[in-house]
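A quick write-up on the structure given underneath.
Below, each value reflects all heavy atoms present in this structure, side chains not excepted, and no hydrogens, waters or symmetry copies. Per chain, numbering begins at 1; letters A, B, ... match sequence-line order. All values reported here derive from a predicted model rather than from experimental measurement.
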There are 2 protein chains.
Amino acid sequence: MAMKALSRATIYQVAQAAGVSIATVSRALRGSELVTEQTRERVLAAARELQFTPSRLGRSLAEGRHAANGIVFPDLVGPYYAEVVLGYEAAAAGFGSSVLILTTGGRADAEAAVRDMASRVDGLTVMGKTVSDEVIGKLAATGLPMVLLARDPVRGVDTVRAENRRTAEALVAHLLAHGHERFVFLGDPDGSPDVRGRWAGVRAGLARAGAAPAHLVRITGLDIEAGRAAAGELGDRAQAVICANDELALGVLLERPRQTVTGWDDLMAAQFAGLTTVRQPMRELGATAARWLNRRITESNDSAAARRRILPTRLVVRTSCGTHCPEVHR
Amino acid sequence: MAMKALSRATIYQVAQAAGVSIATVSRALRGSELVTEQTRERVLAAARELQFTPSRLGRSLAEGRHAANGIVFPDLVGPYYAEVVLGYEAAAAGFGSSVLILTTGGRADAEAAVRDMASRVDGLTVMGKTVSDEVIGKLAATGLPMVLLARDPVRGVDTVRAENRRTAEALVAHLLAHGHERFVFLGDPDGSPDVRGRWAGVRAGLARAGAAPAHLVRITGLDIEAGRAAAGELGDRAQAVICANDELALGVLLERPRQTVTGWDDLMAAQFAGLTTVRQPMRELGATAARWLNRRITESNDSAAARRRILPTRLVVRTSCGTHCPEVHR
DNA sequence: TTGAAAGCGTTACCAC
DNA sequence: GTGGTAACGCTTTCAA
């Protein structure tokens with residue numbers, strides 16, 4: 001099966017052009033001390049002449065490492081993931097690692113795709129609702145360094161998450177202070193650990209205050225359209241609609257501009273919609289995952305106990321939670 | 001340099017376990033006809049037992065292809081790039097290609113990073129202001145399939161872009177119909193081909209109408225903060241501020257909520273800020289680039305002439321362009 | 001300081 | 001049908 005050459009020149013051609021062996025070329029190019037300055041120059045000249053770039057494949061095969069790592073998303077829709085991947089890529093680049101991305105969203109066989117990616121990288125970051133605990137466990141068992149992001153922990157694997165429960169409680173407390181008495185939670189707690197945590201926090205906050213429990217309106221999507229569609233089902237009894245994320249809240253707001261509603265994530269749009277929400281440190285989530293993964297990949301003692309971190313989130317009060325907020329931020 | 005094994009078992013171990021040669025293992029695993037059903041089963045059993053996954057490195061080296069392609073961004077900040085990469089990844093996954101991403105943003109040596117990526121993929125999509133025409137030309141000269149995205153064409157290389165000039169002219173016409181007479185363009189036409197096209201369209205639109213030329217306020221950033229900072233420099237003479245992108249416009253709006261201002265991109269936030277803007281088909285841009293790249297990679301006749309496509313954009317009128325718009329969309 | 005040669009893990013050609 | 005073996009392009013020991 002003849003294919004296009006992966007790269008133009010090989011190390012052999014450079015060696016021939018410079019009149020040395022491939023070993024010397026390799027050394028010269030990698031800045032080894034074991035080469036005469038004279039020889040090095042000859043090699044570099046030849047390499048430049050031939051526009052030689054070492055084949056990553058050959059290199060990786062010989063070195064036993066890819067110098068790349070991957071991140072698996074459930075989806076890339078909306079600004080949330082973009083911010084995460086931005087932080088991730090920046091951090092990974094910091095220690096010279098290429099980044100592969102994979103979304104499992106529409107994929108028929110997500111597991112196969114993840115396994116394929118696993119064979120292309122030195123380590124893997126897995127986010128949210130993408131593959132089962134079982135798959136994670138199997139991959140981890142092969143010795144592949146991994147980090148879980150915004151996902152429930154799996155035994156023996158590092159996990160980075162954002163705080164959900166406590167801030168949800170703070171949000172509820174704020175709404176109660178507004179005088180709201182009836183609450184609706186919009187989202188699917190079974191859809192992701194994050195949503196589950198938020199829902200749990202909402203219930204806890206209400207219970208603690210002795211208020212009536214929130215009504216759960218379970219919807220599957222997490223985008224603006226889902227929010228718009230759900231707006232119709234809210235009825236009028238709902239005084240305050242706590243949404244699982246900003247996009248749902250924005251969707252509700254499009255249909256009911258005066259509805260008391262809150263979101264989660266603090267997307268750029270939230271600022272302009274006056275949406276009260278919870279800010280997540282999205283870039284920091286990505287960057288932390290990348291750093292942790294790198295540590296796992298490079299550290300000698302790979303039997304270190306699984307680490308967990310929960311990054312703080314923060315209530316951002318705007319106007320959608322009700323009028324006369326004492327402290328309205330921008 | 002001993003490193004962790006890239007994958008657990010090799011084809012040799014499977015061969016030994018199954019009592020056959022590695023050639024047979026390879027054939028059995030790849031579904032070749034040239035294997036007895038009986039043999040195949042034995043091999044599959046052994047492979048399952050050993051949790052064997054073929055090394056991508058060995059495979060790629062032998063096949064002469066990576067089954068991966070890369071996309072280079074100037075940056076990943078803001079929703080624009082996220083949408084592009086989403087469309088790109090989805091399309092690439094469609095034909096079984098992994099996706100590598102690289103941002104040249106803060107990179108000291110962007111060229112080296114791009115070259116490194118070039119050695120990891122079968123083809124490269126290069127977006128906007130990332131690397132010079134010279135580098136593009138050199139890479140293309142090595143025979144690496146490439147597609148340029150939202151970037152000025154380079155001889156012999158496919159290019160996919162969004163329409164800028166004509167829609168800019170339509171935007172100007174709309175503003176003129178509002179009665180605006182003095183215009184400011186906010187952005188750096190030398191910063192990207194897109195901005196240059198928009199600026200050109202604005203000038204053309206005004207010239208055609210016999211209106212006074214727009215005043216160019218040249219600023220480097222393209223984010224909200226840059227817009228806020230620039231708002232102060234606008235003075236009061238500006239009647240209509242045409243911004244190079246939505247984020248700048250949103251920044252201006254934060255400082256001057258009543259300012260007549262327009263953007264570009266139609267970010268989610270634009271909808272909630274009432275921002276009149278131009279919608280770009282971002283996912284489609286990404287998807288088209290991925291499809292074109294795939295074609296270049298797979299097609300036999302690699303000497304086909306360079307293709308170019310300009311995807312249409314569309315004026316989205318909201319309220320920031322002035323009151324009493326006859327047709328306000330949402 | 002340099003070179004020969006042994007891997008690294010596949011695929012695919014050529015015999016049998 | 002199956003096995004041996006030559007690539008693929010590099011890094012790195014081991015000799016010289």
Side-chain angles (χ1 to χ4, degrees), chain A residues 1-43 46-47 50-67 116 118-120 122 142, chain B residues 1-43 46-47 50-68 116 118-122 142:
Chain A
M1 175 169 57
M3 300 283 308
K4 288 176 195 169
L6 285 178
S7 47
R8 246 41 202 149
T10 74
I11 198 171
Y12 284 95
Q13 303 174 42
V14 178
Q16 181 159 35
V20 298
S21 74
I22 60 166
T24 299
V25 174
S26 177
R27 283 191 280 254
L29 259 39
R30 324 193 71 244
S32 163
E33 304 283 300
L34 306 156
V35 196
T36 315
E37 196 51 44
Q38 193 181 13
T39 309
R40 183 192 310 284
E41 276 177 22
R42 211 144 33 95
V43 171
L50 292 165
Q51 300 221 58
F52 173 70
T53 309
S55 154
R56 247 304 156 190
L57 253 24
R59 213 178 197 295
S60 294
L61 201 51
E63 288 181 338
R65 64 186 220 109
H66 297 271
D116 177 78
S119 72
R120 299 173 170 274
D122 300 318
T142 69
Chain B
M1 176 168 53
M3 300 283 305
K4 289 176 196 172
L6 286 176
S7 45
R8 247 43 203 147
T10 73
I11 198 172
Y12 284 94
Q13 302 174 42
V14 177
Q16 181 160 34
V20 297
S21 74
I22 60 165
T24 300
V25 173
S26 178
R27 281 190 284 255
L29 258 40
R30 324 191 70 244
S32 163
E33 304 283 301
L34 307 155
V35 195
T36 315
E37 195 51 44
Q38 193 181 14
T39 309
R40 183 192 311 285
E41 277 177 22
R42 211 145 31 98
V43 170
L50 292 165
Q51 298 220 59
F52 173 70
T53 310
S55 154
R56 217 32 266 179
L57 253 23
R59 214 178 196 295
S60 293
L61 198 52
E63 288 181 338
R65 66 186 222 108
H66 297 271
D116 176 79
S119 72
R120 298 174 171 274
V121 297
D122 299 318
T142 68

Under-3.5 Å donor-acceptor pair between A/Arg27 side chain and C/dG3 base: yes
Whole angstrom value for the distance that separates [atom2] of [N] from [atom1] of [X]:
X	N	atom1	atom2	result
B/His66	D/dC8	NE2	P	15 Å
A/Leu34	D/dA16	CG	P	18 Å
A/Ile22	C/dG3	CD1	P	11 Å
A/Leu61	C/dT10	CG	C1'	8 Å
B/Glu33	D/dT2	CD	C1'	16 Å
A/Phe52	D/dC10	CZ	P	4 Å
A/Arg30	D/dG9	CZ	C1'	13 Å
A/Ile11	D/dT12	CD1	P	11 Å

Heavy atoms only: give me the nearest [X]-[Y] pair and the separation to one decimal.
X	Y	answer
B/Ala67	B/Asp122	N-OD2, 2.6 Å
A/Arg56	A/His66	NH1-O, 4.2 Å
B/Ala47	B/Val14	N-CG1, 4.0 Å

Examine [N]: is either OP1 or OP2 under 4.0 Å from a nitrogen or oxygen in the side chain of [X]? Give yes or no.
X	N	value
B/Thr10	C/dG9	no
B/Ser55	C/dG9	no
A/Thr39	C/dT2	yes

Whichever of B/Gly58 and B/Ala23 has its nearest DNA chain D nucleotide further upstream toward 5':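 Mapping each residue to its closest nucleotide by heavy atoms, the 5'-most match is B/Ala23.
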Whichever of B/Arg40 and A/Thr24 has its nearest DNA chain D nucleotide further upstream toward 5':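 Comparing both residues, the 5'-ward one is B/Arg40.
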B/Gln13, CD: over 12 other non-hydrogen atoms inside 6.0 angstrom: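 Yes, enclosed.
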Just distance, no hydrogens or angles: give the donor-acceptor pairs under 3.5 Å from side chains in residues 19-36 of chain A, sequence neighbours left out.
unit_1: A/Ser21; atom_1: OG; unit_2: A/Ala23; atom_2: N; d: 3.4
unit_1: A/Ser21; atom_1: OG; unit_2: A/Thr24; atom_2: N; d: 3.3
unit_1: A/Ser21; atom_1: OG; unit_2: A/Thr24; atom_2: OG1; d: 3.4
unit_1: A/Arg30; atom_1: NH2; unit_2: A/Glu63; atom_2: OE2; d: 3.0
unit_1: A/Ser32; atom_1: OG; unit_2: A/Leu34; atom_2: N; d: 3.0

Sugar-phosphate, base or nothing in reach of B/Thr36, heavy atoms under 4.0 Å: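 It contacts sugar-phosphate atoms only.
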Nearest to side-chain heavy atoms of A/Ala62, which nucleotide of C/dA5, C/dG7, C/dT1: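 Shortest atom-to-atom distance from the side chain points to C/dG7.
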Minimum-distance nucleotide (side-chain atoms of A/Ser21 versus D/dC10, D/dT2, C/dG3): C/dG3
